[in-house]
Amino acid sequence: MEEVVSKNENAKNDWRQESGRSKVNKPKTLNEIESSGEIRISTPDQELNRVLGGGIVPGSLVLIGGEPGIGKSTLMLQIGLALKKAKVLYVSGEESEQQIKMRSERISINDKASPGNHENFYMLAETNTKNVFLAIESLEPDLVIIDSIQTLHSAMIDSVAGSVGQVRQCAGELMKFAKETNTPVFLVGHITKDGMLAGPKVLEHMVDTVLQFEGDRHLAYRILRTTKNRFGSTSEIGIYEMLGTGLREVSNPSEILISQKDGQLSGVTIGATIEGNRPLLIEIQSLVSPASYGTPQRTPTGFDQKRLNMLLAVLEKRCGFRMGTQDVFVNMAGGIYVEDPAIDLALCISLISSLEEIPVNDKICFAAEVGLGGELRAVNRIDQRISEAEKLGFQQIYISKYSQKTLDLKKVKIAVKSFGKLTEVFQDLFK
Ligand code: TYD
Ligand code: MG
């Protein structure tokens, strides 16, 4: 690994390029420190506000990572254009001014309030940090967007743009700028296929907030996930749909995660999950069919392979279904990846529905974890799941009987059915 150390230690991180200005900080008591309160810049994008924990924090450094082509530039451009009152500087090392102009025209079609009003949006095609800071000093922007951190380079060290040393150096200079001027900075970072932020794992430690933009490039839905946040919770997600005119906020995700279909198919069930703080009803499709040759296949999309194997073993051993000779394919709708164990019950029902070719009524949903003994385990925030199911017009929800203790069933209109074992659910459902 090349690791080039700066020739001039003092000037290393100085975004103003002047040395010798360093002042020594004295320790203070907590009482001496002024409370800055909660000042946040609320953007017109509710999904972004949510993942940031309520809006952009002044002086914060936010990294937005994702695979090439997922829509990072689109999202950043869209936010820059939507913040009409703030002076935004968008620094691009990847695309030309013309390309960005063309893209902004497409995106602006959605902007009904004041289309074409981009007076406060400034664009700079530049990769040298020194020139970027010169532009910043004369413009004094309220928000800086760097697209991408891998294309920037600093003259302070001798290595190529995108190398670990450069990425760290450039991010360090930008961090210093952000903290000294209280200006928020967004950094776009590319992630390689194996999920590492290319080169800069180091970046994740330096920045205040890390947002991951993910989703299947061939599907329209995109998830913006917080993986680190010094100013809020890390369990939030934002959902977008990629249209020809940019990204659309999806404020009612359950509707898109349940496919509209005519008639009832076997192998399709709905699970009441929670992603971040939001309840989401997600459709699961399973296909179980006899393996024609060789080792049976187990192919989950949007679900953990090991957990699928575990659930199949439970169905075989505790419930007596012959899964060992079957190919099993599982699909979570919308390209979403589900980690919530409350999906277990819906998944098991979906597998058996496909195996036995008995459709499950589409007004029924499920929320329980399945244990190794085939028992239904309680899941957190069951009341939120139940009320979301009720809101979306479901008539029945199956849960663990151990969840029920904490529940006030008088207020709910949906029928809540609670059981202790997987086999009891099968008997009730497929009787
Ligand atoms: P982009 O934002 O350039 O991705 P990234 O910066 O993460 O590499 O855009 C990704 C894809 O989105 C690109 O293939 C084109 C598509 N796209 C749309 O479908 N609609 C749009 O309005 C825009 C701007 C892009
Ligand atoms: Mg881009």
Side-chain angles (χ1 to χ4, degrees), residues 43-45 47-48 51-52 62-83 88-113 115-116 118 121-127 132 143-153 161-162 166-167 170-171 174 185-200 203-204 207 209-227 237-250 256 334-335 337:
T43 73
D45 183 331
E47 301 298 297
L48 181 76
V51 293
L52 289 174
V62 179
L63 174 67
I64 157 158
E67 285 182 16
I70 204 79
K72 302 179 294 298
S73 304
T74 309
L75 181 67
M76 286 293 101
L77 183 63
Q78 217 169 301
I79 285 152
L81 293 172
L83 282 165
V88 177
L89 177 64
Y90 183 99
V91 181
S92 179
E94 309 215 323
E95 282 148 309
S96 69
E97 291 164 8
Q98 279 70 30
Q99 280 174 305
I100 293 180
K101 170 93 182 168
M102 270 165 55
R103 185 180 288 200
S104 73
E105 279 164 359
R106 272 207 282 162
I107 290 173
S108 301
I109 297 171
N110 285 341
D111 184 0
K112 301 213 171 53
H118 302 146
F121 185 84
Y122 292 82
M123 145 90 213
L124 177 71
E126 181 57 66
T127 56
V132 172
L143 172 70
V144 177
I145 298 167
I146 306 286
D147 188 1
S148 64
I149 187 70
Q150 278 108 340
T151 57
L152 275 193
H153 70 92
Q166 276 294 3
V167 164
C170 297
L174 285 158
V185 177
F186 279 83
L187 306 176
V188 170
H190 292 293
I191 286 187
T192 49
K193 272 272 174 262
D194 56 10
M196 289 273 283
L197 276 166
L203 265 186
E204 295 191 4
V207 301
T209 303
V210 180
L211 305 179
Q212 295 262 25
F213 209 25
E214 37 189 74
D216 188 330
R217 221 161 5 125
H218 307 290
L219 292 172
Y221 298 108
R222 302 280 184 276
I223 316 278
L224 189 61
R225 197 185 288 279
T226 322
T227 59
I237 62 165
I239 304 182
Y240 295 89
E241 184 181 7
M242 180 64 93
L243 303 172
T245 52
L247 291 155
R248 180 183 74 89
E249 293 169 47
V250 176
I256 61 151
Y337 191 92

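First listed ligand is number 1; within each ligand, the first listed atom is number 1. Throughout, residue positions are numbered sequentially from 1 according to the sequence presented.
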The answer for which part of M242 has a heavy atom under 4.0 Å from ligand 1 is side chain
Of V188, L187, T151, L89, the one forming a side-chain contact (heavy atoms from CB on, under 4.5 Å) with I146 is L187
Which class fits the ring pair F121 and Y90: parallel under 30°, tilted 30 to 60°, perpendicular over 60°? tilted
At under 4.0 Å between heavy atoms, what of L243 touches ligand 1? The answer is backbone
If we number the atoms of ligand 1 from 1 as shown, the ones under 4.0 Å from a heavy atom of I70 are 4 (O), 7 (O)
Looking only at heavy atoms, the pair that brings G189 and L63 closest together is N-CD1, 4.1 Å
From the list I223, T74, L247, side-chain contact (heavy atoms from CB on, under 4.5 Å) with F213 holds only for L247
* To do: Using a 4.5 Å cut-off on heavy atoms from C-beta on, say whether the side chain of K72 contacts that of H190.
  => yes
Note: ligand 1 atoms sitting under 4.0 Å from heavy atoms of T245 are 22 (O)
Short version for D147: what comes under 4.0 Å of ligand 1, heavy atoms counted, is neither
Quiz item: Is it true that some N/O/S atom of S148, main chain or side chain, lies under 2.8 Å from the Mg ion (ligand 2)?
Solution: no
So for P68 against ligand 1, with non-hydrogen atoms under 4.0 Å, the contacting part is backbone
